[in-house]
Every structure is written in structure tokens, then in C-alpha cells.
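A, B, ... follow the sequence lines: proteins, then strands. Residue 1 opens every chain.
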Amino acid sequence: MGDNPDFREHGDEIPGIAGGVIGRVNDLSYEEKRERLEDLAPEELAEIEAEDEEDEHDLPDLPNAAEPSSASPDSQAHQDADEYDEIRMRVAPNPNGPWHVGHARMPAVIGTYKERYDGWFCVRFDDTDPETKRPDLEAYDAILEDLDYLGFEPDATYKASDRLETYYEHARELIDLGGAYTCSCSGEEFSELKNSGEPCPHREKDVETVREEFEAMVDGEYDSGEMVLRVKTDIEHKNPALRDWVGFRMIDTPHPREEASEYRCWPMLDFQSGVDDHLLEISHIIRGIDLQDSAKRQQFVYDYFGWDYPEVVHWGHVQIDAYDVKMSTSTIAELIEDGELDGWDDPRAPTLKSLRRRGIRGEAIVEAMAGLGTSTSDVDLAMSSIYANNRDLIDEETDRRFFVREGNQLPISGDPPAEANPPLHPNHEERGVREIPVSDSVMLEPEDVPEADERIWLKGLGCFRYAEGALEYTDDDIDVVREGEVDVVHWAPASESVAVRMRTPDGDVRGHAEPGVGDLASDEMVQFERVGFARIDRHDDEEEETVVYYAHP
RNA sequence: GCUCCGUUGGUGUAGUCCGGCCAAUCAUUUCGGCCUUUCGAGCCGAUGACCUGGGUUCAAAUCCCAGACGGAGCACCA
């Protein structure tokens with residue numbers, strides 16, 4: 001129609017014609033379609049099948065990165081000179097608490113790239129603010145544990161607070177290159193000058209003075225706020241965010257790590273991180289958009305030193321649906337402090353420790369996070385996506401059980417079997433059956449109690465009619481279920497059941513499970529039929545109940 | 001106010017650099033069917049999107065301009 005506009009008026013007829021053809025093609029089996037295509041267009045078929053063999057990646061290619069797997073000798077010869085031989089990345093957390101779900105994006109993406117490119121990554125704790133972002137000593141290990149839960153092991157681990165002398169050395173060098181100056185302006189004063197593109201009087205100090213004053217900073221001779229070391233950039237740069245930024249400042253509060261507690265002169269993130277990224281030979285920096293100006297700021301330092309800046313990928317913020325609690329380390333810490341949450345692994349907390357306790361595998365989170373890609377716009381991650389991944393991972397190996405939430409007790413009449421024996425897993429009969437005594441009354445969920453005179457099928461047991469406040473066994477054949485006359489529900493015996501407290505993101509639910517649940521080991525997963533998957537946490541003898549954590553439908 | 005960046009179904013994503021094979025991918029969600037002593041499982045199917053307005057072009061999700069909306073930075077936080 002592009003070539004022949006006259007055809008346009010007949011455009012409406014196309015779906016009718018094409019639809020018929022497509023319908024006929026769709027009726028063919030895969031083999032028939034493949035055969036037909038081989039006759040009509042063998043080269044197209046080859047192309048399609050070649051594409052199928054290519055690896056499907058959730059994530060886009062990294063800039064200037066060579067895929068090791070696809071590198072044939074021929075393409076190796078044509079390899080772009082700009083391409084990196086080794087992909088080296090870093091996960092650079094601030095150790096101020098265990099990780100929330102959003103934090104998983106960094107290792108998920110970096111770890112996935114590492115596997116894809118056969119690369120390298122380290123964890124580097126950027127703990128250079130002992131005061132406002134004061135590190136939590138327990139967080140270092142907590143974060144490494146969270147990383148292990150997600151299924152990744154860093155190739156190396158560093159702490160910036162171990163590396164102060166290195167930063168000082170580079171600061172001295174930068175001063176000698178004329179790239180930095182000590183400044184005693186107040187933040188307010190400097191901000192005003194900066195916003196109008198005016199240099200402050202300290203900018204033109206001679207190198208000797210700057211060196212002396214910087215050594216005094218290192219020796220702790222100034223108090224907090226008295227003196228900073230600024231990187232000399234371009235005071236008239238059109239982006240005010242880049243003008244002469246602070247590289248080092250004084251902090252009176254000692255660092256919580258004993259090894260670093262004597263230092264008073266601390267580098268800012270942009271200086272520390274910029275130097276470390278070069279020294280660790282990082283090829284690709286992957287981080288949030290809140291740091292999108294960092295590369296431009298650090299570029300000035302790299303220019304002074306004659307270094308090449310790594311490739312950078314920025315992404316937007318992640319939000320997770322399904323939680324009432326704000327996903328922020330400090331907010332969660334406060335709620336725990338106030339007793340609103342039981343701890344970092346409370347099922348209501350949007351933390352990795354919580355998901356772990358609910359029996360969700362790290363792999364399910366990693367896949368969902370990698371699926372978000374690396375777009376710079378803010379994204380919402382649906383928990384259902386993590387749940388779907390986890391279901392795929394555990395469904396086959398997870399046995400089925402009955403659990404009745406807030407059940408009503410109903411007496412049984414008639415002559416049903418004394419014991420019900422539903423399979424542990426409907427797809428795996430070889431695993432055997434459960435043994436559920438029926439006794440003289442059963443628990444049903446309030447919503448499952450039938451109307452008077454209506455029938456209901458107790459799964460694994462048989463059909464009952466609800467009459468005069470009791471369930472009367474009818475001996476109906478399963479056909480009544482097949483024909484859609486009778487609904488199937490789960491149930492539990494009233495007397496020999498196990499009291500269960502199920503902890504969920506929306507609060508605790510109590511109820512009764514079939515007796516076998518009392519014998520399950522801690523950490524085992526179950527699927528409570530028609531309720532969802534849960535992890536056995538513990539059998540609490542004092543409360544005489546089994547505590548389980550709800551995972552997902 | 002100054003400076004960056006972004007906008008594809010309910011959600012996420014592919015495609016945008018290099019316009020045509022996009023009648024737009026995949027996943028999830030929702031809905032429907034099938035199967036199964038009957039699963040919130042599995043299988044099959046359906047619904048559903050290119051922010052708006054101009055422009056360039058035979059042809060625009062893709063290029064250009066303007067606007068709307070959203071995000072980020074302008075800290076002695078990370």
C-alpha cells in the first residue's frame with residue numbers, strides 16, 4: 001500500500017483474506033509447518049532456526065563488551081579495539097543495614113552479567129561517612145549473607161574505610177597537579193558564589209599552602225566544617241552540579257570500625273569511588289540515576305590523572321507493589337526499633353531476609369530483577385513476578401497438605417471412610433499418600449461451608465450433603481464433581497489436627513492443618529491446597545502450635 | 001530557577017542507535033477452555049500498549065521540532 005496508495009481503500013479486506021490463510025496454517029502441526037516452509041523458503045527456515053539457537057538474554061548487551069561464548073576466531077580478529085577483554089564490575093553498598101528487596105537489583109544484574117561475560121565482580125563497602133550515613137557494624141556481614149542467599153559470591157571484598165591512605169595519596173597527587181584546593185568557605189557562602197559562577201578566594205592558593213593545609217586536615221587539626229578539599233573543575237560549568245565539588249571533609253565522629261576510628265579527614269563518595277573504580281580496574285559501573293552526575297564530576301579527576309573512565313549504566317528506582325511498609329532501610333529500622341515489626345525477617349517487611357524466611361528462593365528474585373532490565377525510568381516490580389518464578393522452581397518437589405484457615409467445626413454423619421488418603425503430590429504418585437483420620441467432625445473454611453441441603457466434596461474423602469447442621473456422607477461418585485454439580489474443598493479433622501499459625505505479609509492467620517504437618521521438619525516447603533505455598537518455620541511446644549511462613553499462592 | 005534523563009498493554013520488557021520484514025516480542029496479571037479424586041498446579045486460548053501535537057518521508061514506535069507528564073542532580077549523604 002505504500003507503493004500503491006490506490007490499494008488503500010481495499011485495506012479492510014485484508015484481515016478477511018489473511019485470517020483464513022493464517023487459520024489454516026495454525027491448524028497445521030509444527031512438523032507440517034516446518035515441512036511446508038522448507039519447500040517454500042528454505043533460506044528463511046534456516047534463518048529462523050539459527051535465531052532460535054541464539055541465547056535469549058533478559059538484559060541488554062553491555063556497552064563495548066565482547067561476548068565470550070559467541071567469539072569465533074573470525075570475529076575475534078574483527079574485535080573492536082575499544083572492547084574490554086574482561087568485564088569487571090563492583091557492587092558498592094553503604095553498610096547501613098540488611099538489604100531490602102530493591103537492593104537485590106544490583107547483584108542480580110551484575111551477577112547475571114558476570115555469568116554471561118565470564119566476568120568479575122567485587123563487593124566494595126563505600127563506608128566513608130561515619131556520621132550521617134553511619135555504618136552499622138553488623139550490616140557488613142548481613143549484606144554478604146544476603147548476597148549469598150541470592151546465589152552470588154563476590155570475587156573480592158573491600159572496605160573503603162580500610163583504604164584512607166590510598167585516597168590521601170591520590171589527593172596529594174591531585175593537589176600537585178593543580179587539581180584541588182583547600183577551602184574554608186561555609187557551605188552557604190560557597191553555594192552562593194558557585195550558583196553565580198564566581199570562584200571563591202581560596203581557589204587561587206599556591207600549591208604549597210594547599211599541601212600544608214591538606215596535611216593538617218589529614219592530621220585532624222580542623223574541626224568538622226572548618227576546611228574541605230575541593231576538586232577544581234569549571235566554576236562556570238553550565239551544570240551547577242559539577243562546579244568545584246568537595247573531595248574531602250572533616251568529621252569529628254569516629255568511624256564505628258576500630259581499624260578506621262582514628263581518621264578525621266574523610267573522602268566524599270565521588271572522590272573515593274572514582275579512585276577505587278580506577279584502581280580496581282572496573283570496566284563497567286552499574287548504578288542508580290541518583291548518581292547520574294557522578295560520572296561527569298569524576299571525569300575531572302580522571303582527566304587530571306590521565307585515566308579512562310569506565311562505561312556507565314544508570315537505572316531508575318524500583319518500587320515493589322504489595323507492601324504497606326516503605327522500602328527504605330532507615331524506615332524499616334525504625335519500625336523494628338518501635339516494635340511494629342518483629343525484625344528484619346518479619347514477613348511484613350520488604351526485606352530479603354523476610355523473603356528468605358518465607359521460603360522464596362534467591363534465584364526467583366534474581367530472575368525477576370534481571371527481567372526489569374536497566375532502563376533509567378522508575379519501575380514497579382510486581383511481587384507476583386517473583387512468586388511466579390518461585391512457583392516454577394518449587395512446585396514439582398513440594399508436597400501437598402490441607403490447612404483450614406479460621407475453620408468452622410462441622411459434625412459428620414453417615415458412614416464415610418475412617419481415613420482419607422490423598423496423594424502427597426498429584427503428579428508423583430510414587431511419593432505415597434497422606435493419612436488423615438476422619439473421626440466424627442471436620443473443619444471447613446467459613447467460605448466453603450455449603451448452603452443448606454447443598455453437597456460438597458471433601459477432597460480425598462468423598463461427597464457430603466449439608467443438612468441439619470451436619471455433613472452427611474452421600475456416597476456419590478466422583479462424577480458429580482466432573483459434571484460440575486459439586487465443588488471440591490479442602491478440610492481438616494477437628495480433633496486430630498495440628499494448630500497452625502501462618503505468618504503472612506498481611507498479618508498472622510490461625511487455623512488447623514492435617515496431622516502430618518506436625519511432623520514436617522523446619523525449612524520444608526508445603527503447598528496448602530487452595531491456600532498457597534508456605535515454609536515450615538518451627539513447632540512451638542510452648543504455644544502448642546506449628547508456625548509457618550506464607551510464601552505465595 | 002539552572003542542568004541532566006526518561007515516557008511501548010494493569011505490571012515489567014523487546015524493538016528506537018542504522019525508518020520498511022512491527023498487522024509490535026516475551027513474561028506476569030486478569031478472564032475463558034481443557035486436563036486432573038478434581039491444586040491459586042499443568043496445557044491451550046483470549047483481552048490488552050507505541051504520552052500529545054506538528055514536521056520530514058512513498059513509508060515513523062523508530063528521525064526532527066514543540067508541548068505534557070514523570071524522575072534525578074544543583075549537600076562538608078551514599
Euclidean distance, atom [atom1] of residue [X] to atom [atom2] of [N] [Å, nearest integer]:
X	N	atom1	atom2	answer
A/Leu461	B/C39	CG	P	17 Å
A/Asp448	B/G40	CG	C1'	13 Å
A/Glu189	B/C76	CD	C1'	13 Å
A/Leu229	B/C76	CG	P	13 Å
A/Asn427	B/C39	CG	C1'	9 Å
A/Leu193	B/C76	CG	P	13 Å

Checklist entry - Paired stems touching RNA chain B, three or more consecutive Watson-Crick or G-U pairs with both distances under 3.5 Å? => result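 Output for stems: B:1-7 with B:68-74, B:10-12 with B:26-28, B:30-34 with B:42-46, B:51-55 with B:63-67.
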Choose from [options] the nucleotide whose nearest atom is closest to any side-chain atom of [X].
X	options	result
A/Val246	B/C77, B/C39, B/C76	B/C76
A/Pro553	B/U7, B/G40, B/C39	B/G40
A/Asp395	B/C39, B/A41, B/U7	B/A41

Checklist entry - Pairs in or reaching into residues 384-395 of chain A: which pass salt bridge (Lys or Arg N to Asp or Glu O under 4.0 Å), with residues at least two apart or in two chains? => result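 Sorted pair list: A/Asp395-A/Arg400.
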Next on the checklist: Can you pull out every salt bridge (Lys or Arg N to Asp or Glu O under 4.0 Å) where at least one residue sits in residues 232-246 of chain A? Sequence neighbours excluded, please.
Outcome noted: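 Every pair satisfying salt bridge (Lys or Arg N to Asp or Glu O under 4.0 Å) with a residue in residues 232-246 of chain A: A/Arg203-A/Asp244.
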Item to check | B/C64 and B/U16, which share atom name P, separated by this distance in whole Å | outcome: 14 Å
Checklist entry - Distance between the P atoms of B/G70 and B/U11, in whole angstroms? => result 16 Å
Which is true for [X] with a 4.0 Å heavy-atom rule: it touches a base, it touches only sugar-phosphate, or it touches nothing?
X	value
A/Cys183	nothing
A/Ser375	sugar-phosphate
A/Glu131	nothing
A/Lys238	sugar-phosphate

Item to check | Results of side-chain contact (heavy atoms from CB on, under 4.5 Å) for A/Glu485 - residues two or more places apart only | outcome: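 A/Glu485 satisfies side-chain contact (heavy atoms from CB on, under 4.5 Å) with A/Arg455, A/Val480, A/Glu483 only.
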Next on the checklist: Give me the atom names and distance for the closest heavy-atom approach of A/His202 to A/Cys183.
Outcome noted: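 For A/His202 and A/Cys183, the tightest heavy-atom pair comes out as ND1-SG, 3.6 Å.
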Item to check | Heavy-atom pair with the smallest gap, counting every atom of A/Met89 and A/Ile110 | outcome: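 A/Met89 and A/Ile110 have their closest heavy atoms at CE-O, 3.6 Å.
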Name all residues meeting the ring pair (Phe, Tyr, Trp, His ring centres under 6.0 Å) criterion together with [X]; count only those two or more places apart in sequence or in a different chain, and write none if there are none.
X	answer
A/Tyr309	A/Tyr302
A/His552	A/Tyr387, A/Phe533
A/Tyr181	none
A/His314	none

Next on the checklist: Taking the nucleotide of RNA chain B with the nearest heavy atom to each, does A/Gly460 or A/Arg243 sit closer to the 5' end?
Outcome noted: A/Arg243
Checklist entry - 5'-most contact on RNA chain B: A/Tyr550 or A/Gly371, nearest heavy atom basis? => result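 With A/Tyr550 and A/Gly371 compared, the 5'-side residue is A/Gly371.
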Checklist outcome for this item: The side chain to side chain donor-acceptor pair (under 3.5 Å) partners of A/Tyr550 (sequence neighbours excluded) come to none
Detail all sub-3.5 Å separations between protein N/O atoms and N/O atoms belonging to nucleotides 72-74 of chain B.
from	atom 1	to	atom 2	distance (Å)
B/A72	O2'	A/Ile289	O	2.9
B/A72	O2'	A/Gln292	NE2	3.2
B/A72	N3	A/Gln292	NE2	3.4
B/G73	O2'	A/Asp293	OD2	2.9
B/C74	O3'	A/Lys194	NZ	2.8
B/C74	O2'	A/Lys194	NZ	2.8

Checklist entry - In residues 386-394 of chain A, which ones come under 4.0 Å of RNA chain B, going by heavy atoms? => result A/Ala388, A/Arg391, A/Asp392
Checklist entry - For residues 263-274 of chain A, which residues have at least one heavy atom under 4.0 Å from RNA chain B? => result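 A/Met268, A/Leu269, in order of number.
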